[in-house]
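Order of listing sets the numbers, starting from 1, for every ligand and every atom in it.
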Amino acid sequence: MRDLDDDPIRSTCPYCGVGCGVLLRPDGVGGMTVEGDPDHPANFGKLCSKGLALGETVGLEDRIFTPELHGAPIDWDNALQMVADRFRETIAEHGPDSVAFYVSGQLLTEDYYVANKLMKGFIGSANIDTNSRLCMASTVAGHKRAFGTDTVPGTYEDLEEADLVVLVGSNLAWCHPVLYQRLAAARKAHGTKVVVVDPRRTATCDIADMHLKIAPGSDVALFNGLLRFLANSGHLDQDFIDRHTNGFEDALANTKDCDCRATGLPASEIATFYNKFAATKKVVTVFSQGVNQSTSGADKVNSILNCHLATGRIGHPGMGPLSVTGQPNAMGGRETGGLANMLAAHLDLENEAHRSAVGEFWDAPRVADTAGLKAIDMFRAVEDGRIKALWIACTNPVVSLPEADRVKRAIENCPFTVVSDVTRNTDTARLADLVLPALGWGEKDGTVTNSDRTVSRQRGVLPAPGEARPDWDIFAEVGRRMGWHAAFDYRGPSEVFREHAALSGIAAGFGRDFDISALSDMDSEAYDRFAPTRWPITEARQGGRFFGDGQFFTASGKANFVPVTQRAMAAEPSAEYPFRLNTGRIRDQWHTMTRTARAPRLSRHLGEPYLQIHPEDAQDLSLQPADLAKIEGQGESAILRVMISDDVAKGHPFAPMHWTCETAPAARIGAVIAGATDPVSGQPESKAAVVNITKLDAAWYGFAVSTRQMAPDTAYWAQTKTDAGWRAELAGMDTVSDWEAYAQALFGLSTAPEVLVDPARQQTRLAFVEDGVLLAALFVAPEPVAVARDFVASLLDQPADGILAARAGGERADPGPTVCACMSVGRNQILAAIEAAGGDLDRVCQSTGAGTNCGSCRPEVADLIARQNRPLAAE
Ligand code: SF4
């Protein structure tokens, strides 16, 4: 057994596409410590709050240990045979396109490779798509149109080499925090200029020299205008255009009718940005979901690539477009063909020679020859019965997809759904006929590829819980049971990886970019030792940048300019739906929170779903801070806490996307988002839904803490873990006549509580105390409850003195709501430090510890300094 003095095991963080290296030290009893890997080229030892809290997420509560059929245990043999039989029978009766896999950017490359091979090569359908469709499909389409392949030209080092970094639709500070820290450090060291293009003021703007608060969806107008400006002002690289590109004149002609006023930006701001871009040779344009999640996402990508191609600013240090992916292995999924419109190793489904080479390599009976159904269309095909057997792996589409309630109904009605996941307690797994226990992060072995093409090992350091198995193994076993023994006879992930690497060598023979063929004979020991390496990885070449030599992967060897035009979004605001809703992530949570919600400190910063809304909109709707708002779209609705802020523009509120039936069932924001998609990439428009907003007139509001998980039964609740139990926000539409009985049902307690009625505040407070220790407490009022929430939560399982006063006592200072999740520093502590240290950001951070680890909260500390005299929206 290992102990904490042993050398750490190197692995990779499973959250965002930065792909940070971690050092893991298992404690021998199921836990581990986690540190940043100082030798990993993505993070050099840094981690953000989510990565740092990984050790708190590996407990086995909620895990599934054996397969379950309709909630009852079933052995693996019968479970796998059932999957194989149901898929085989469905295919025999209805054809290969009657089945589908919906997989995930959380899967490892080896998992992806086997699943894709099974579907595209042996089942003979391309109906395998991935939640990466929601993340970067538009970038894939844009890259392929411009470069001939899905190639990320640059590297993370370009952020440090650049003189100007333009961030488009990217809240790097919250969504890719370690990259943000690298950029912030570069800015401090040599004055890198930063421009943020985003309809919303985000934490990333803290380091921006310029924030272009662009109108939603108008990126093409901005970059088409830039292309025209570059041409008109003599800033083209004509030699590069002439020798290495096609289609420039058409693309430029297409900008003729472009009206930059569509951006809603003042002409002076546009001119300043254009001049800055034109005058700076070393420019990197970083883009992510704000660009991709759009019905014109691919066009937005190409409008950016056009500007870099026109100036020859690509493939050289500090120059180029850089797409940053949301998921840890979105890139690995692209490499293995995990998207419905790709083959494998960046080969093309539509190309007969490609298909034939892959079919021969796999010894496959049939290789799919047409693109399969992309995510939204796939679930619509489930809905209308075209797909009759569905396998969902490692993802939670009932929450994460647009038109989420429609997806839920489709899965409910699907004749056979199998889910492989680490838990049965997701909104999706609960609907499955069969749930298969998969290994989770910390238990499984394989590889991932991050946003700058660096392939890293993820290593299993914890034992498999119960009978859980790796995903590649589950897919392979089903492949064997469907009759393809030799093709799926893998003995371990290294064997899968070698095959994947060998296939990339064949792809390279077709002039493809993705080539890691030098790893195709790597033995298992070398695989175990494999250190992070950027592709390509061949005998002749390793890593580096693409396209600096002017060689692209199109038939002509030249890059394509793609003429693009500013287009309207799928729906315009109307009398029925007057607001345009933006959605995204928050700093300390990951996707549907199935892991991050297990770490109490990650819920302290923003522990409740919220609607960020402009003050004038709030006034028009009679919304006060901390009210609840009802958001309606698609005939569905969500309830969110109101946060009033001029960080968002009037008419353009924002809501995060993380909450589920487990954590806040009324707040699944995917339910109100339409399933409109980009016609080129199939990526849904998740950031521009049209919605209506009204105030929710609840009869009462409540705040509760309990040492045990609560069972709320109200119109609105949001529950999160604390160090000693749970806390919940509540609201009900009906008057409650007996609060004591209500509280007993909520907490599952039968004892009588202490009750205090505070007529001045119109509050009723109830506390359940046993042997002087607090078990649970409930605060209710006809208005949103004002109470020192973090302080009350800190009293759980502690002596209960002062609980009904709900104020910090003299011996227990109330730190206030958490600002820094890494160092557990609260707002009150920071405000006190501002009093003592004045407005110096570094001194405030040093004296409190806030912002001294990952640094993601530094923008918020700076904001507190700036706003110290301004009242805050909510307690
Ligand atoms: Fe993980 Fe944070 Fe690094 Fe992303 S930035 S890989 S979430 S530690």
Side-chain angles (χ1 to χ4, degrees), residues 8 10-24 32-58 104-106 108 132 135-136 156 159 167 170-185 202-204 286 288-289 322-332 440-442 447-459 532 534 584-599 601-603 605-606 656-658 820-823 851 853-859:
R10 292 189 140 83
S11 191
T12 314
C13 173
Y15 296 129
C16 82
V18 178
C20 295
V22 289
L23 300 179
L24 308 179
M32 65 171 82
T33 63
V34 180
E35 289 173 72
D37 181 350
D39 298 325
H40 197 289
N43 58 315
F44 299 107
K46 287 263 186 198
L47 291 178
C48 76
S49 55
K50 297 182 285 287
L52 268 178
L54 273 167
E56 296 160 43
T57 66
V58 295
S104 167
Q106 299 283 313
L108 304 183
S132 296
C135 167
M136 37 82 282
Y156 291 163
L159 293 175
L167 295 154
S170 167
N171 182 8
L172 211 66
W174 281 19
C175 301
H176 301 92
V178 167
L179 276 192
Y180 172 81
Q181 288 307 314
R182 286 181 69 161
L183 175 58
T202 66
T204 305
V286 177
S288 57
Q289 271 71 335
L322 179 64
S323 133
V324 283
T325 63
Q327 296 223 64
N329 199 28
M331 292 282 278
W441 178 83
T447 54
V448 290
T449 308
N450 73 1
S451 297
D452 84 342
R453 294 180 272 109
T454 299
V455 181
S456 298
R457 278 295 316 272
Q458 200 176 95
R459 293 182 170 91
R534 186 178 291 136
R585 293 176 178 163
I586 62 172
R587 191 189 75 192
D588 292 346
Q589 295 295 346
W590 176 257
H591 283 194
T592 60
M593 297 167 62
T594 44
R595 285 175 298 189
T596 44
R598 291 158 161 254
R601 64 171 144 153
L602 295 182
S603 293
H605 179 239
L606 288 167
M657 46 77 91
H658 304 287
C820 176
C822 299
M823 310 302 281
N853 183 57
C854 79
S856 304
C857 66
R858 283 176 70 90

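Less than 2.8 Å away from atom 4 (Fe) of ligand 1, the protein contributes these N/O/S atoms: Cys16 SG.
Pro14 approaches Trp441 most closely through the heavy-atom pair CB-CD1, 3.5 Å.
Atom CD of Gln289 sits about 8.0 Å away from atom OG1 of Thr325, to the nearest 0.5 Å.
Between His40 and Arg10, the side chains place no donor N or O within less than 3.5 Å of an acceptor N or O (distance only, hydrogens not considered). Neither side chain, Arg595 nor Gln589, offers a donor N or O lying under 3.5 Å from an acceptor on the other.
Side-chain atoms of Tyr156 do not come within 3.5 Å of backbone N or O of Arg182 as any donor-acceptor pair.
Pairs engaging residues 42-56 under the side chain to side chain donor-acceptor pair (under 3.5 Å) rule: Ser49-Asp588, Glu56-Arg601 [sequence neighbours left out].
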